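Okay, structure first, notes after.
Not measured: the values here are computed from a predicted model.
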Amino acid sequence: MSHDVGTGVAVITPDRHRAKGADLMSVLNKATYKSLSLITGVLGGAVASALFTRIWRAVSDADDAPEPSALDRSTREVLIAATLQGAVFGLVKAGMDRMAAKGFHRFTRD
């Protein structure tokens, strides 16, 4: 990387000294990380769904959370269920993403 003296802006230039094998590893690392992210995303969705279902059954009288279009359920109940579901899914997604990133870093660092 070099700096344009006139503007003070960093200009990214190719590193001509990097070995071709390093470029290949970079491509492989990106592909591996994307695959890992896909797997943890699917697994995280399953974990979040099961966790939300258990929580919902513990805090409500119903086995299943209400759908937004279910007119036999109150608006309050629908909104509480949606808020809880969003929080659980967000928490699980962040946790899974974090675990995947840390694990990938641990196995690929130099």
Looking only at heavy atoms, what is the nearest atom pair of D64 and W56, with distance?
O-NE1, 3.4 Å
What's the shortest heavy-atom distance between D97 and Y33, and which atoms?
O-OH, 4.5 Å
Gap separating the [atom1] atom of [X] from the [atom2] atom of [Y], nearest 0.5 angstrom:
X: R106; Y: M99; atom1: CZ; atom2: CE; value: 10.0 Å
X: L43; Y: L38; atom1: CG; atom2: CG; value: 11.0 Å
X: N29; Y: F107; atom1: CG; atom2: CZ; value: 13.5 Å
X: M96; Y: L91; atom1: CE; atom2: CG; value: 11.5 Å
X: L51; Y: Q85; atom1: CG; atom2: CD; value: 11.0 Å
X: D72; Y: E77; atom1: CG; atom2: CD; value: 8.5 Å

So, [X] side chain and [Y] main chain: donor-acceptor pair closer than 3.5 Å or not?
X: R73; Y: V78; result: no
X: S49; Y: G45; result: no
X: S60; Y: R57; result: no

Is atom CG of D61 surrounded by more than 12 heavy atoms (other residues, nucleotides or ligands) closer than 6.0 Å?
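Counting neighbours around CG of D61, 12 or fewer heavy atoms of other residues, nucleotides or ligands fall under 6.0 Å, so no.
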Hydrophobic cluster membership, with links at side-chain heavy-atom distances under 4.5 Å among I/L/V/M/F/W/Y: are I80 and V88 in one?
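Yes, I80 and V88 fall within the same hydrophobic cluster.
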Shared hydrophobic cluster, V47 / L36 (ILVMFWY, side-chain heavy atoms < 4.5 Å):
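No.
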